[in-house]
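In what follows, a single structure is set out as structure tokens and then discussed.
Everything numeric here is computed off the predicted structure, so don't read it as measured data.
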Amino acid sequence: MQKFCTLTLIAALSFTAACSTKSEKILAPESEATNITLRSGQSRDAILGFRATEVVVTSNKEELEAVPCRIDGTEFFAEFTAPATVNLPSYGPDSKSIRLSCEVEGQKAEKVIAAENLSAAARQGNSVATAVLLSPIVGVAMAASAGKHKDGDAYGYKDIKLEL
């Protein structure tokens, strides 16, 4: 009887953890953040939302100030001075990779950033926590289903750190 109660408790806690996962909300453009400029011929209608994304440039592990940067995507671009918050658009599962390029005193660095399913990443994190706390078997099962696309998932770009 005690084994049954223990297994029931583990299953209930795992189910609660899986159901309580919240998708990361895609934010509307913030007034202090840099907004994107759509390329010629691109429609705003395809944009599902925006996420305020932090961009930081470092050198020797120290954050640099007043670094001129540019983000280029196939549908948009943005020019700004890092560190900055940039309102990056989400095209849902159709979101494409972007390129960040920054230059300081003739030294240029670039980085390609892939769009991610932010909701699946959040679910994956909860699965790992469940595996560590409760049961590796339950956590592995949750992790397997966590990475799958679900309707309503939020897509976008995590905060960006570029090392010069």
Side-chain angles (χ1 to χ4, degrees), residues 17-133 139 142-143 145-164:
C19 292
S20 67
T21 301
K22 292 184 179 179
S23 297
E24 183 170 332
K25 185 177 179 185
I26 297 178
L27 305 173
E30 294 181 359
S31 59
E32 303 105 38
T34 300
N35 289 308
I36 56 122
T37 301
L38 288 175
R39 295 193 184 280
S40 175
Q42 296 299 318
S43 171
R44 213 177 232 311
D45 296 339
I47 298 173
L48 301 177
F50 290 86
R51 182 175 184 277
T53 304
E54 299 295 322
V55 179
V56 174
V57 180
T58 61
S59 178
N60 298 322
K61 309 270 187 216
E62 296 206 16
E63 186 175 317
L64 301 177
E65 298 289 326
V67 179
C69 295
R70 179 178 170 104
I71 287 180
D72 281 297
T74 55
E75 298 91 1
F76 63 92
F77 68 91
E79 293 180 334
F80 56 94
T81 302
T85 301
V86 182
N87 289 319
L88 294 176
S90 173
Y91 294 89
D94 295 329
S95 296
K96 296 177 178 65
S97 295
I98 57 174
R99 178 179 304 278
L100 169 66
S101 57
C102 302
E103 188 171 348
V104 175
E105 299 173 1
Q107 186 179 6
K108 187 174 183 179
E110 293 186 344
K111 183 176 192 175
V112 174
I113 300 98
E116 297 183 39
N117 182 331
L118 301 172
S119 301
R123 289 191 297 270
Q124 187 75 24
N126 284 346
S127 300
V128 170
T130 300
V132 169
L133 293 174
M142 286 178 61
S145 68
K148 295 180 182 175
H149 166 76
K150 296 181 181 181
D151 288 341
D153 277 358
Y155 288 81
Y157 309 91
K158 291 184 179 178
D159 292 343
I160 305 166
K161 188 176 188 179
L162 179 67
E163 177 73 24
L164 281 178

| request: Carefully, step by step, assess Arg123 and Asp153 under the rule side-chain contact (heavy atoms from CB on, under 4.5 Å). | output: CA-CA 11 Å; Arg123 289 191 297 270; Asp153 277 358; 3.0 Å; yes
| For Thr85 against Ala52, the heavy-atom pair lying closest together | CG2-CB, 3.6 Å
| request: Decide yes or no for Phe50 and Leu88: does some side-chain heavy atom of the first lie under 4.5 Å from some side-chain heavy atom of the second? | output: no
| query | So do the side chains of Ile71 and Phe76 get within less than 4.5 Å of each other, counting heavy atoms only? | reply | yes
| said: Does Glu79 form a salt bridge (charged side-chain N to carboxylate O under 4.0 Å, His left out) with Arg70? I'd like the steps, not just the answer. | reply: CA-CA 4 Å; Glu79 293 180 334; Arg70 179 178 170 104; 2.6 Å; yes
| Quick one: does Arg51's side chain have a donor or acceptor within less than 3.5 Å of a partner on Tyr155's backbone? | no
Side chains of residues 108-115: which donor-acceptor partners sit under 3.5 Å, not counting sequence neighbours?
{"residue": "Glu110", "atom": "OE1", "partner": "Arg99", "partner atom": "NH1", "Å": "3.3"}
{"residue": "Lys111", "atom": "NZ", "partner": "Lys161", "partner atom": "O", "Å": "2.8"}

| task | Apply side-chain contact (heavy atoms from CB on, under 4.5 Å) to the pair Ile47 and Leu38, showing each step before the final yes or no. | result | CA-CA 10 Å; Ile47 298 173; Leu38 288 175; 4.0 Å; yes
| remark: Nearest heavy-atom approach of Tyr157 to Pro89 is CE1-O, 3.7 Å
| said: Using only atom types and a distance under 3.5 Å, with no angle test, would you say the side chain of Ser119 pairs donor to acceptor with the backbone of Ala154? | reply: yes
| field | Non-hydrogen atoms of Ala78 and Val86 that approach each other most closely | value | CB-CG1, 4.2 Å
| Gap between atom CD of Glu75 and atom OG of Ser43 - 0.5 Å precision | 11.0 Å
| said: If you apply the rule side-chain contact (heavy atoms from CB on, under 4.5 Å), what do you find for Cys102 with Val104, and how did you get there? | reply: CA-CA 7 Å; Cys102 302; Val104 175; 5.9 Å; no
| When rounded to the nearest 0.5 angstrom, what is the spacing between CD in Glu54 and NZ in Lys158? | 15.5 Å
| Passes side-chain contact (heavy atoms from CB on, under 4.5 Å), Asp72 versus Arg39? Steps please. | CA-CA 10 Å; Asp72 281 297; Arg39 295 193 184 280; 2.7 Å; yes
| said: Test your reading of the model: is there a side-chain donor-acceptor pair from Glu63 to the backbone of Val57, 3.5 Å cut-off? | reply: no
| note | On a heavy-atom basis, the closest approach of Cys69 and Leu100 is CB-CD1, 4.1 Å
| message | Quick one, Thr34 and Val55 - any side-chain contact, counting heavy atoms below 4.5 Å? | response | no
